[in-house]
Amino acid sequence: MGITWNICLYLSFNFISASYFNTHRTGTCQLQGHFRLNGMYQDGDVIFGGLFEVDFLTVFPELSFRTEPEPPYCEQFDMESFQQAQTMAFAIDEINRNPNLLPNITLGYHVYDNCVMLGMAFRAALSLTSGTEETFSNLNCTGPPPVIGIVGDSSSTVSIAISSILGLFRVPIVSHYATCSCLSDRKKYPSFFRTIPSDAFQVRAMVQILKYFEWTWVGLIYSDDDYGIYAAQSFQQEMHLFGHCVAFSEILPHDNNPRDIQHITGVIEASTARVVVVFSTPSFLIPLIDEVVLQNMTGRQWIASEAWATSFVHHTPRLLPFLRGTLGIAIRRGEIQGLHDFLLRLRPSNDPKNNMLRIFWEKMFRCSFETGGRETDGKQEKKLCTGQEDLSITDTPYTDVSELRASYNVYKAVYALAHALHDLMQCEEGRGPFNGNSCADMTNLKPWQLVHYLQKVNFTTGFGDHVSFDKNGDALAIYDVLNWQPSSDGSIRVQTVGVVNEEAATGMLLTLNDDALYWNFEPKKPPRSVCSESCPPGTRQATRKGFPVCCFDCLPCGDGEISNTTDAIECTVCPDEFWSNSYKDQCVLKEVEFLSYEDPLGISLTTASLLGACFCALVMVIFALHHNTPIVRANNSELSFLLLLSLKLCFLCVLLFIGRPQLWTCQLRHALFGISFVLCISSILVKTMVVIAVFKSSRPEGKGAMKWFGAAQQRCTVLVLTAIQVVICAVWLSTASPTPNKNTQYIRSKIVYECAIGSVAGFSMLLAYIGLLAAVSFLLAFLARNLPDNFNEAKFITFSMLIFCAVWIAFVPAYVSSPGKYAVAVEIFAILASSFGLLVAIFAPKCYIILLHPERNTKKAIMGREAQKK
């Protein structure tokens, strides 16, 4: 850009200073010199300028530094570019014949060849805007300018340079092929327009293709010019925006250094990316493709930018094995009715301003207009041109109108300028857009006035394409998607397989005909080009350290988390009542866990509970059948039956702990458990007290002990002690009743359905009261263990209470450490173990005597041992 500015300022200064000094001396501006430019000219009321790359090479003469050097000249005529220049001439001719567009105005044109050289393009642009008259005496600068607008240039670099200068004077420039996104900057280039979409749109279109085929890992190669550099920057930004990655980025050198080219091919070969995107002009790309052929590098999917997607230079049979299947985008192909006939009617002219026609004619028919007949060109002789040669028998890109892309853009650019000029002429005085609601004066037309109307131009071509410009001067984006396919003659033919267009509502819209695509892979399917394969549902992406975001590992989701999409970034936590399935791709209802009757553990505990209740009933039957025997009547048989009843309730209360918790079962299970055990322990406590009282009454000093602890007092004591527990349970249930609760804290993957105790204090008081009675019973029984055997039941009570206390002391840590339903099972086991302990320790010896040794179940046998001692 710095070099461009220096050239611009230098040439501008030369022009201005030359004009100034000449005016100062004579009062008339005189042209100080002529540039050697190839051009075409047609006079008219209003002149449109044109800049085209008709020749590919600029030849600079040798510098002797002794005489003024000859101006540079151009060589290597390009037929396709000349067709574009002729399309401008055709469009102007068509407009002049249209009575509805610019009536009473005849358009003319002045077209120059820029020779693909910045200096030549700048000479041409300044010649267009300054004019080529030998003298100029109108120092007030009235009247129309030499050109009212310029069509061109096709190069982004040249367009940047000339727009930087001509934009200062608001000269409208409508390019048909300059795509650099930097030209959308309205502050730098206020009068620049284009009928080709910006590279920003081109990049988005190419990214749409990558997204369509799910190519997230691609290589990037671009030319070392404004077109390639700006396109590459936009491409990388767009790829990052969509989460795609560039595997490598290489720049094509200016000098075609073989070492640099070999380095690029080595990078392509070593990369895991199967897709290579190239932003380049054909001239930059040719050395790379030659090296690809030399190294026999296949297995790559090439993506071509619009600059080389339609280039014929790569369509040779030699390149077919390597480039077939290439996908590219190209500017919209159009049809221009009448253009082919117009091109065939072209005839050369002797006017020096139309020397481009003579050069074309000589190149087309390999002849010469030079006087003297024949000329030699190396070893080949050239015939004399007559100017009447038949163009219809030629077959060159000039006469080929089947793929009008750049030419169609030229056609639209000319019509855009014409429609803007037409709208300017339709202005009504007093309702104009300029100062004081004025309109433009056609006799003193200013280029900046045309810019105002050009910004608002809006029309439809004969082909049906809509033409307008956005606020940055960019045209509506529409591209054809091309596929390079093998033709019957072994070369490459370009097939249109889709379209990409920009819509205001939906953004970029890609339409592809998948059946028409040709792939250079086996099987004939698009290749995979990813750094890492997609993460399936049930996993998440984990970026590898030091790698782009497209390179990742797939980690399974944790327990209770899912991902139900491909390439999930994070796993989603399931709601409280849900859990992840085995594949971690769906949340399912958590398994509800409780101790059920169908569970093996539940069946075992239920069986043990019923067996315990049956044993109690059996003992009650045995005691009832032998209720008159001394061993049953001893020590208050009524307390024995009460104890058996309470033990039976203890066994049966277990059934409330099994099954799905409900409000009534939660309330009853602990209440019944607490009351049953208090009834049981209070009966044992009273029995112990009876043993002690009987022993004391047998002594002379304690003969009156039993009258204070008779049957009534025994019943009353049991009832009072039990009533206290009833009161505790009643207060607990009325204030903070136990309720069913879904607990997810014990086991995260399950819902433990349990009974929440409601009040810790109430439950603690219930257990504490049972523990207090058990401790007192144990203490009294322990103190009475050495009483005479025939009176003594204290040893059995001591042993039973020892079992009871041991079980419930062991219960506490076991209950706390048991998860879910096993905590309930531990509580049931404690109830059953302590109940069986009491039943066996107290009643098994009595049943043993009653059933197996009835001879010992007599008063004499019971009293015999005491009598013997006496």
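As a basis for the values below, the full set of heavy atoms in this structure was taken, side chains included, without hydrogen atoms, waters or symmetry mates. The shown structure was predicted, so the numbers you read here are calculated from the model rather than taken from an experiment.
For Thr665 (side chain) and Pro661 (main-chain N/O), no donor-acceptor pair under 3.5 Å exists by modelled atom type. A donor-acceptor pair under 3.5 Å is absent between the side-chain atoms of His240 and the main chain of Gln236, judged by distance alone. A donor-acceptor pair under 3.5 Å is absent between the side-chain atoms of Asn564 and the main chain of Gln586, judged by distance alone. In this structure a side-chain-to-backbone donor-acceptor pair under 3.5 Å is present from Ser800 to Ile797. For the pair Arg540 (side chain) and Ile569 (backbone), a donor-acceptor distance under 3.5 Å is absent.
Residues forming a salt bridge (Lys or Arg N to Asp or Glu O under 4.0 Å) with Glu598 (at least two apart in sequence, or on another chain): none. Phe594 pairs by the ring pair (Phe, Tyr, Trp, His ring centres under 6.0 Å) definition with nothing, not counting sequence neighbours. Listed by chain and number, the residues in a side-chain contact (heavy atoms from CB on, under 4.5 Å) with Asp514 are Tyr212, Leu512, Leu517 (sequence neighbours excluded). Qualifying ring pair (Phe, Tyr, Trp, His ring centres under 6.0 Å) partners for Phe242, counting only residues two or more places apart in sequence or in other chains: none. Shown here are the disulfide bond (SG atoms under 2.5 Å apart) partners of Cys847, two or more places apart in sequence or in another chain: there are none. Every residue two or more places apart in sequence or in another chain was checked for a ring pair (Phe, Tyr, Trp, His ring centres under 6.0 Å) with Phe615, and none qualifies.
The two residues Val731 and Thr735 come nearest to each other via the heavy atoms O-OG1, 2.7 Å. When every heavy atom of Phe677 is checked against every heavy atom of Ser835, the shortest pair comes out as CZ-OG, 3.7 Å. Smallest separation of non-hydrogen atoms from Val678 and Gln725: CG2-NE2, 3.0 Å. Phe641 approaches Ala624 most closely through the heavy-atom pair CZ-N, 3.7 Å. Of all the heavy atoms in Ser563 and Thr539, the pair that sits closest is OG-O, 2.7 Å. In this structure, Leu832 and Ser609 approach most closely via the heavy-atom pair CD2-CA, 3.8 Å.
You'll find the side chain of Ser640 reaches within 4.5 Å of the side chain of Lys687, heavy atoms only. For the pair Leu838/Met801, a side-chain contact is recorded, criterion being any heavy-atom separation below 4.5 Å from C-beta on. Looking at Leu655 and Tyr597, their side chains come closer than 4.5 Å, going by heavy atoms from C-beta outward. Contact check for Trp579 versus Cys587: no side-chain heavy atoms found under the 4.5 Å cut-off. Considering only heavy atoms from C-beta on, Trp217 stays 4.5 Å or farther from His244 through its side chain. Side-chain atoms of Phe673 and Leu668, non-hydrogen and from C-beta on, never get closer than 4.5 Å to each other. Annotation: side chain of Glu591 is not in contact with side chain of Ser749 (no heavy-atom distance under 4.5 Å). Counting heavy atoms from C-beta outward, Leu210 and Thr216 have side chains that stay 4.5 Å or more apart.
Listed by first and then second residue, the side chain to side chain donor-acceptor pair (under 3.5 Å) pairs that reach into residues 651-662 are Gln662-Trp664, sequence neighbours excluded. Residue pairs meeting the salt bridge (charged side-chain N to carboxylate O under 4.0 Å, His left out) criterion with at least one member in residues 803-825, sequence neighbours excluded, are Asp599-Lys821. Legend: ring pair (Phe, Tyr, Trp, His ring centres under 6.0 Å) pairs involving residues 754-779, not counting sequence neighbours, sorted by first then second residue: His670-Phe763, Trp732-Phe763.
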Under 3.5 Å, side-chain donor or acceptor atoms of residues 642-652 against the rest of the protein: list the pairs with distances, not counting sequence neighbours.
from   : atom 1 : to     : atom 2 : distance (Å)
Ser646 : OG     : Leu642 : O      : 3.3
Ser646 : OG     : Leu643 : O      : 2.7

Residues 549-562, side-chain donor-acceptor partners within the protein, below 3.5 Å, at least two apart:
from   : atom 1 : to     : atom 2 : distance (Å)
Asp553 : OD1    : Arg544 : NE     : 3.2
Asp559 : OD1    : Lys584 : NZ     : 3.3
Glu561 : OE1    : Gly558 : N      : 3.3

Mind listing the side-chain donor-acceptor pairs of residues 806-813 below 3.5 Å, one per line with the distance, residues two or more places apart or on another chain?
from   : atom 1 : to     : atom 2 : distance (Å)
Trp808 : NE1    : Ser834 : OG     : 3.3

Problem - Trace of the side chain to side chain contact (heavy atoms under 4.5 Å, CB included) decision for Cys729 with Ile675 - result: CA-CA 8 Å; Cys729 291; Ile675 295 172; 4.1 Å; yes
Handout entry: Stepwise side chain to side chain contact (heavy atoms under 4.5 Å, CB included) check, Glu827 with Val824
Key = CA-CA 5 Å; Glu827 188 172 1; Val824 179; 5.6 Å; no
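SG atoms of Cys245 and Cys531 are separated by 2.5 angstrom or more, inconsistent with a disulfide link.
Looking at Thr744 and Asp576, their side chains never bring a donor and an acceptor atom within 3.5 Å of each other.
Remark: Arg204 CZ to Lys211 NZ distance equals 11.5 Å, nearest 0.5 Å.
For Trp519 and Phe521, the ring centers sit 6.0 Å or farther from each other.
Ion pairing between Lys742 and Glu754 fails under the 4.0 Å rule for side-chain N and carboxylate O. Checked for salt-bridge contact, Lys590 and Glu577 miss the test: no charged N lies under 4.0 Å from a carboxylate O.
A side-chain contact (heavy atoms from CB on, under 4.5 Å) with Leu605 is found for exactly one of Ile831, Leu610, Ile828, namely Ile828.
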